[in-house]
2 protein chains.
Amino acid sequence: MSKPPEPHGAASSRQAQRSADMRRRLCQAAIDVLCDVGYERLSTPLIAARAGVSRGAQTHHFPAKADLMVGAFRHLLQSWEEARVATFGTTDPPRVTLETYLRFAWREIFGKPSYVAALELMMAARADERLGGQLREALDEWAVRRGAVWREVLRFSGLRDDDAFQHINMSLLRGMAVHRGFNHAESENEAVLDEWIALVRHMGVVPPAP
Amino acid sequence: MSKPPEPHGAASSRQAQRSADMRRRLCQAAIDVLCDVGYERLSTPLIAARAGVSRGAQTHHFPAKADLMVGAFRHLLQSWEEARVATFGTTDPPRVTLETYLRFAWREIFGKPSYVAALELMMAARADERLGGQLREALDEWAVRRGAVWREVLRFSGLRDDDAFQHINMSLLRGMAVHRGFNHAESENEAVLDEWIALVRHMGVVPPAP
DNA sequence: AACTAAATACAGACTGGCCTGTTTGTTTTA
DNA sequence: TAAAACAAACAGGCCAGTCTGTATTTAGTT
């Protein structure tokens, strides 16, 4: 039986398999390059070389640079989701306290070098309207699940289910990541996270103001 | 009486005056370009055009691109200091509550479009070791005064003088700025700041854990 | 005060290099 | 046999840094 062409889904045919592998390699190489040299010095030949692939292959799978950037971004989002499942198992959203989830988020996502790739892409998207649209689209559909996870975590921690409080946590982690990227102060961020968690513990006793 | 040549201090001679003016114009143009098109598409000819200046003038005052970036960064830091003095007067560090200072910091620094220029520069500095060194140098000497301001604000607010708590506030503002730059959600950030200030009010009553 | 020589400020052209997107050709798979 | 995957070369464009040339300012001298 012949299988339908699945250009973007799970690989079934041999071609689709190769295609998916190649796309993954290129996306991963793009993230690596982004981490190492930043968006400024990033170039499509550099990514192809990093992936050990000819430039023809790269242009075949990602005709425009922006396409590759979007692919890298989606690759990142997916890796974050995989990290969550790998850490907390299949019960998704996980039933853990905010403290546990914060430490996970820092250790596995925001505190990792690869997160600066996401930052670079988000910054670069400001200039390119087309790229920005596609990145926001990817982030928006991913944010649905992310929101559900945070809601469950807050509920489980006995805290009010509050959009603003979600964003406080994420903005804090983002800001720490920027600080980490620029001012390689690792231990400083650990102290900041500890202090924030201590504050959160207090909030467990004293819920936030109306 | 003849005045000594002050190549970098307050302008006295006519040449030094023109030089300082030109440098200011170029730094401001660099920030504007950075805000509008981002670091990726930034170029020295673009900056010169934005400043209404010949490229020869630009290369004369800033031989290398990195020099101009450092100048723009220092220009930004200075503008933040000026904003603080303009808002709170000459009593420096200002004697205001944390809430007042947070709202100022968001309104006049982190929440303004020009802050993304600082973010772009900090991101770009990751790749360029030389640029990064000079930017960190500028930031470090500025951080001395910034630390004094935060300490006084925390003390005045009856909160513990705590480095980690300082960094929580600044990382939160940074993270909000990134969110603002990418996901033009203005009102969302206002709500986040309000919520954070509400939490801080609680902390005024219940000091953080040891 | 006038004059000169050096230093500084400014202007514009040039070059070597790299990048993006395209195109043409070859191999593998369906 | 057609389509997809891969390979490599090409063309147009832009940029950073340099260099040569001109105008303005300053310092030194008388």
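The figures that follow rest on heavy atoms only: side chains count, while hydrogens, waters and symmetry mates do not. The sequence lines fix the lettering, A, B, ..., with proteins before strands; numbering per chain opens at 1.
- Here the nucleotide nearest the side chain of B:Ala57, chosen from D:dA5, D:dA7, C:dA11, is C:dA11.
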For residues 123-132 of chain A, dump all side-chain donor-acceptor pairs below 3.5 Å to protein atoms at least two apart in sequence or in another chain.
{"unit_1": "A:Arg126", "atom_1": "NH1", "unit_2": "B:Cys35", "atom_2": "O", "d": "3.0"}
{"unit_1": "A:Arg126", "atom_1": "NH2", "unit_2": "B:Leu34", "atom_2": "O", "d": "3.1"}
{"unit_1": "A:Arg126", "atom_1": "NH2", "unit_2": "B:Glu120", "atom_2": "OE2", "d": "2.7"}
{"unit_1": "A:Asp128", "atom_1": "OD1", "unit_2": "A:Arg130", "atom_2": "N", "d": "3.0"}
{"unit_1": "A:Asp128", "atom_1": "OD1", "unit_2": "A:Leu131", "atom_2": "N", "d": "3.2"}

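- Here D:dA16 presents its P atom at 10 Å from CG of B:Leu68, a figure rounded to the nearest Å.
- Under the 4.0 Å criterion applied to side-chain N and carboxylate O atoms, B:Asp36 and B:Arg41 are not assigned as salt-bridge partners.
- Partner B:Trp150 forms a side chain to side chain contact (heavy atoms under 4.5 Å, CB included) with one of B:Leu98, B:Asp161, B:Asp162 and no other, that one being B:Leu98.
- Remark: P of C:dA7 and CZ of B:Arg18 are 18 Å apart, rounded to the nearest angstrom.
- Residues of residues 26-34 of chain A that place a heavy atom closer than 4.0 Å to DNA chain D do not occur.
- OP1 or OP2 of D:dC6 sits under 4.0 Å from a side-chain N or O of A:His61.
- Annotation: cation-pi pair A:Arg23/A:Phe62 present, NZ/CZ under 6.0 Å from the ring centroid and within 45° of its normal.
- Using a cutoff of 4.0 Å between basic side-chain nitrogens and carboxylate oxygens, A:Glu195 and B:Arg160 are scored as salt-bridged.
- Rounding to whole angstrom units, CG of residue A:Asp21 and C1' of C:dT29 are separated by 15 Å.
- The shortest heavy-atom contact between B:Leu193 and B:Trp106 is CD2-CB, 3.7 Å.
- If you measure from atom CE of A:Met22 to atom P of D:dA4, you get 16 Å, rounded to the nearest angstrom.
- One finds a side-chain N or O of B:Arg14 lying less than 4.0 angstrom from the OP1 or OP2 phosphate oxygen of D:dT25.
- Residue A:His60 places at least one side-chain N or O under 4.0 Å from the OP1 or OP2 atom of D:dA5.
- A salt bridge links A:Glu40 to B:Lys65: at least one charged side-chain nitrogen sits closer than 4.0 Å to a carboxylate oxygen.
- Rounding to whole angstrom units, CG of residue B:Asp67 and P of D:dT18 are separated by 11 Å.
- Salt bridge B:Arg18/B:Asp21: absent, no basic N to carboxylate O contact under 4.0 Å.
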Just the atom pairs and distances: protein N or O near nucleotides 8-15 of chain D's N or O, under 3.5 Å.
{"unit_1": "D:dC15", "atom_1": "OP1", "unit_2": "B:Ser43", "atom_2": "OG", "d": "3.2"}

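- Between B:Gln58 atom CD and D:dC19 atom P the separation is 16 Å, expressed in whole Å.
- Note: CG (B:Asp128) to P (D:dA16) measures 13 Å, nearest angstrom.
- In this structure, B:Arg174 forms no cation-pi arrangement with B:Phe110, as its terminal cationic atom is not both closer than 6.0 Å to the ring centre and no more than 45° off the ring axis.
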